[in-house]
Amino acid sequence: MALDKIGIAKRIAQELRDGWYVNLGIGIPTLVANYVPEGLNVEFQSENGVLGMGPFPFEGEEDADLINAGKQTITVKPGAAFFDSATSFAMIRGKHVQLTVLGAMEVSENGDIANWKIPGKMVKGMGGAMDLVASAENIIVAMMHSNKAGESKLLKTCTLPLTGVACVKKVVTELAVLEIQHGAFHLLERAPGVSVEEIMAKTEGTLVIPPSVPEMTL
Amino acid sequence: MALDKIGIAKRIAQELRDGWYVNLGIGIPTLVANYVPEGLNVEFQSENGVLGMGPFPFEGEEDADLINAGKQTITVKPGAAFFDSATSFAMIRGKHVQLTVLGAMEVSENGDIANWKIPGKMVKGMGGAMDLVASAENIIVAMMHSNKAGESKLLKTCTLPLTGVACVKKVVTELAVLEIQHGAFHLLERAPGVSVEEIMAKTEGTLVIPPSVPEMTL
Amino acid sequence: MNKVQPSIENALAGIKDGMTLMIGGFGLCGIPENAIKELVKMGVRELTCISNNAGVDNYGLGLLLQQQQIKKMISSYVGENDAFERQMLSGELEVDLIPQGSLAERCRAGGAGIPAFFTPAGFGTEVAEGKEVRIFNGKPHILEEALTADFAIVKAWKGDTEGNLVYKATAMNFNPMMAMAGKITIAEVEELVPAGTLDPNFIHTPGIFVQRIFQGAVFEKRIEQRTVRTR
Amino acid sequence: MNKVQPSIENALAGIKDGMTLMIGGFGLCGIPENAIKELVKMGVRELTCISNNAGVDNYGLGLLLQQQQIKKMISSYVGENDAFERQMLSGELEVDLIPQGSLAERCRAGGAGIPAFFTPAGFGTEVAEGKEVRIFNGKPHILEEALTADFAIVKAWKGDTEGNLVYKATAMNFNPMMAMAGKITIAEVEELVPAGTLDPNFIHTPGIFVQRIFQGAVFEKRIEQRTVRTR
């Protein structure tokens with residue numbers, strides 16, 4: 001059965017390592033924070049200027065001066081730090097953040113990503129996404145395998161304006177975990193009960209399938 | 001009579017304007033802080049990371065963590081701020097400091113300055129001088145008119161390795177106040193009792209002398 | 001030389017049609033809300049606004065957009081504003097979209113006398129069009145130039161009479177760099193205190209960057225995305 | 001993952017002959033004095049040290065110079081050290097002198113992923129030799145590249161178990177930028193406190209830049225130029 005959004009977030013949470021600093025994008029990526037494996041010390045950075053984000057505030061305890069990059073009210077944990085936007089992107093550009101998780105509209109087999117603009121539609125802007133994908137050593141895309149029209153989002157070549165070039169290392173969808181290497185999507189895991197055939201059918205880009213593809217354990 | 005170091009400092013202090021931020025170099029320039037005209041609010045910046053320097057501390061109140069760029073123990077006034085070296089030179093390079101006063105070994109008639117290196121002698125380094133002279137809108141050099149060998153320090157062309165190019169606006173020596181404009185030293189004022197002839201004799205670079213040269217009032 | 005302004009009118013005096021303004025804030029967090037309302041009152045037009053976002057329909061820079069006072073926005077994300085969308089699609093509003101980190105660094109560069117720097121952000125995208133590309137450490141980077149403004153308007157938590165500022169939590173965001181990059185920087189603060197009140201060890205924006213300061217009359221501090229958990 | 005080091009030996013483990021180190025401080029103010037003494041004890045040699053100054057004869061980096069552990073110094077001013085002068089004149093010691101503001105900005109750039117930037121400092125001087133010159137706003141600038149280091153060793157006033165640091169007065173100086181630019185950054189602090197003790201609004205160096213932290217045993221805090229006024 002295909003994963004829901006929480007399933008995708010749970011699977012990505014398995015990629016976290018102790019001591020990492022992690023930047024989570026808006027949407028599914030934000031959910032990853034809820035599933036940090038027991039015993040791991042992971043700090044979440046938000047590019048608007050905070051390190052050490054905690055859970056959402058209790059009702060009545062919201063502080064307009066304390067938000068994340070999605071403009072949501074948040075809290076911080078002991079040992080947090082606030083800083084300006086230049087310092088925040090110094091952390092990102094300078095590779096001090098070990099993992100970036102973000103959503104995408106398209107990913108290509110060489111790791112290009114498009115997630116900020118659809119020609120002819122209202123352009124909202126790239127926010128911090130271009131800085132994040134240009135700099136992060138380790139980028140995981142969290143997205144659905146297909147778009148609303150049923151077309152694959154894992155492509156030979158992106159059709160939309162790019163956010164970054166040859167930067168995505170891993171994609172986690174409701175169907176599969178795929179690693180991008182040498183110009184192809186390498187199928188690492190499939191969602192419980194999802195067939196290799198379904199993943200093949202829904203992946204337009206070059207797909208490398210090993211003899212045996214294990215199911216995810218969540 | 002030629003000025004002493006205090007006289008030079010007093011004359012330079014007359015150039016201060018209300019609300020200015022000022023960086024004073026080591027030596028005579030440091031003395032300028034003692035002669036700020038009554039009623040002027042002037043803040044002193046030191047490039048090692050302090051704004052709002054006050055007088056030297058009373059004996060027993062020295063703090064090893066609180067020094068100026070000359071490594072002297074200092075104090076700060078109410079409203080002071082400490083910051084890192086990158087921010088300090090952002091202030092300097094970004095032209096937020098209105099006046100820089102520093103010493104020199106040579107100044108040329110087009111405003112070049114040499115004050116950091118004598119070939120064949122031990123090189124101590126330029127410290128912040130190159131940043132200061134490259135950026136300041138308003139640079140006053142405080143120095144003696146001649147060196148110890150009796151040679152003029154106001155030259156057609158500097159002979160020593162340069163610190164900066166075409167940057168000095170004004171020179172105050174024990175004999176005179178000179179403005180640098182259009183490739184010449186323009187004599188503005190002479191020290192009390194010093195003759196124009198003496199200044200002419202001790203200035204190697206092109207000297208422009210107006211019909212009447214007032215004496216400084218200190 | 002007194003940086004403290006007797007009124008908001010004095011604080012914003014000299015802002016004229018056609019000028020370039022930097023406005024601090026991220027979303028509605030840390031915006032100079034009193035000054036923005038005053039700009040509406042002043043009716044200055046044809047403004048170029050450098051601000052990470054463009055406010056929402058009825059608050060922040062959205063108020064200036066409603067009155068069509070803005071000619072050009074330089075931002076990284078402008079997704080929360082209908083007036084913006086209408087004016088952009090109709091061609092009334094020019095928009096220059098810049099990656100957020102490049103925007104922050106370009107403002108800092110403008111304030112720090114760094115005219116240009118290389119960054120990897122945007123290489124291979126339309127952001128890089130027309131820009132010099134150079135390889136450093138095997139990786140392509142693009143050359144980005146500094147931004148400055150006729151006036152920078154920032155918002156701080158506390159400020160003193162010398163212009164020293166401190167910000168609270170994530171309301172800091174773009175304010176410190178913009179304070180550096182304004183030819184004239186105006187600080188709107190929640191609390192104006194005498195010099196010597198703030199600890200000199202913990203000043204976010206040293207007063208040298210601030211030419212005018214005033215205490216804002218009312219801080220609504222709207223929240224865009226109120227998210228809470230249950231007890 | 002624990003950043004707190006059980007001993008100074010643990011804190012400096014991995015520093016090897018031939019490595020590049022950044023060492024915080026301005027003169028003897030804000031230097032990691034315990035770590036420097038430990039480097040002498042470790043006997044690591046052929047070091048490249050990036051530090052604004054080179055200590056004095058018998059303290060700070062002067063101790064490493066005495067033991068001839070330094071191959072190359074990258075500094076802005078090195079005037080207070082006889083061993084330095086001797087070794088430089090004899091050719092044992094390489095020296096790269098950099099304008100102080102460029103040194104600070106090159107360290108920051110190294111930590112911030114900016115590979116190069118333009119600055120006016122040094123144009124027309126020997127510092128500019130071999131460097132690209134470009135005109136911006138009618139004024140010539142030179143291209144300066146980022147600096148990084150295998151290890152950065154910084155000194156802070158207080159630090160917490162997450163690696164967050166605060167500095168005191170002018171002992172801040174180069175420490176924040178160097179903390180950013182080290183592949184591994186080691187912080188020597190006067191006081192190590194639990195996470196949550198320091199106010200998150202007033203952190204000078206966020207913990208993300210610090211990999212190891214320890215409390216120094218003894219802080220002599222020598223004064224180079226004791227200047228006082230009479231009461």
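By convention in this document, chain letters (A, B, ...) are assigned in the order of the sequence lines, proteins followed by strands, and residues within each chain are numbered from 1.
- At least one cation-pi condition fails for Lys183(C) and Phe151(C): the charged atom is not both under 6.0 angstrom from the six-membered ring centre and inside a 45 degree cone around its axis.
- For the set His204(C), Glu126(C), Arg108(C), Lys139(C), the entry with the most heavy-atom pairs within less than 4.5 Å of chain A is Glu126(C).
- Highest contact tally toward chain A, considering only Thr125(C), Val95(C), Ile223(C), is held by Thr125(C) [criterion: heavy-atom pairs under 4.5 Å].
- Looking at Ser75(C), there are no atoms closer than 4.5 Å to chain A (heavy atoms on both sides), in backbone or side chain.
- Interface summary for chain A: among Leu103(C), Asn173(C), Asn81(C), the most heavy-atom pairs under 4.5 angstrom belong to Asn173(C).
- For Ala129(A), no part lies near chain C; criterion is any non-hydrogen pair under 4.5 Å.
- For the options Ile92(A), Thr75(A), Ile67(A), heavy-atom pairs under 4.5 Å to chain C are most numerous at Ile67(A).
- Among the candidates Met177(C), Glu105(C), Gln225(C), the residue making the largest number of heavy-atom pairs closer than 4.5 Å to chain A is Gln225(C).
- Salt bridge status for Glu106(A) with Lys153(A): absent, with no side-chain N to carboxylate O gap under 4.0 Å.
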inquiry  = Quick one, Glu59(A) with Arg229(C), criterion salt bridge (Lys or Arg N to Asp or Glu O under 4.0 Å). Give me CA distance, side-chain angles, the key distance, then yes/no.
reply    = CA-CA 7 Å; Glu59(A) 185 151 5; Arg229(C) 67 187 145 138; over 6 Å; no
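- Side-chain atoms of Lys95(A) and Ser135(A) include no donor-acceptor pair closer than 3.5 Å.
- In this structure, the portions of Val123(A) lying under 4.5 Å from any heavy atom of chain C include both its backbone and its side chain.
- Between the side chains of His145(A) and Thr203(A), at least one donor-acceptor pair of N or O atoms lies under 3.5 Å.
- Within the 4.5 Å cutoff, no side-chain heavy atoms of Lys170(A) are placed close to those of Ile180(A).
- Heavy-atom pairs under 4.5 Å with chain A peak, among Gly122(C), Gly27(C), Ala54(C), Pro99(C), at Pro99(C).
- Contacts between Phe89(A) and chain C at a heavy-atom distance below 4.5 Å involve the side chain alone, from C-beta outward.
- There is no side-chain donor-acceptor pair under 3.5 Å between Ser88(A) and Glu47(A).
- For Thr163(A), the part lying under 4.5 angstrom from a heavy atom of chain C is the backbone only.
- Cation-pi geometry between Arg222(C) and Tyr59(C) is satisfied (NZ or CZ under 6.0 Å from the ring centre, within 45° of the ring normal).
- For Leu28(C), no part sits under 4.5 Å from any heavy atom of chain A, backbone or side chain.
- Comparing Ser85(A), Gly125(A), Ala64(A) by heavy-atom pairs within less than 4.5 Å of chain C, the highest count is held by Ser85(A).
- Panel note: side chain Gln100(C), backbone Gly128(A); a donor-acceptor pair is recorded below 3.5 Å.
- Proximity to chain A is absent for every atom of Asn52(C), based on heavy atoms less than 4.5 angstrom apart.
- Looking only at heavy-atom pairs under 4.5 Å with chain C, the residue among Gly60(A), Ala114(A), Ala69(A), Gly49(A) that has the most is Ala69(A).
- Glu92(C) and Ser90(C) share a donor-acceptor pair across their side chains, judged by distance under 3.5 Å alone.
- Heavy atoms of Leu66(A) lying under 4.5 Å from chain C belong to its backbone as well as its side chain.
- With a 4.5 angstrom heavy-atom cutoff, Glu61(A) touches chain C only via side-chain atoms.
- Neither the backbone nor the side chain of Glu220(C) comes within less than 4.5 Å of any heavy atom in chain A.
- Between Lys5(A) and Ile28(A), some side-chain heavy-atom pair lies under the 4.5 Å cut-off.
- Of all the listed residues (Gly79(C), Cys107(C), Pro140(C)), the one sharing the greatest number of non-hydrogen pairs under 4.5 Å with chain A is Gly79(C).
- Only the backbone of Asn68(A) has a heavy atom closer than 4.5 Å to any heavy atom of chain C.
- A ring-ring contact (aromatic ring centres under 6.0 Å, His included) with His141(C) is found for exactly one of Phe118(C), Phe117(C), Phe136(C), namely Phe136(C).
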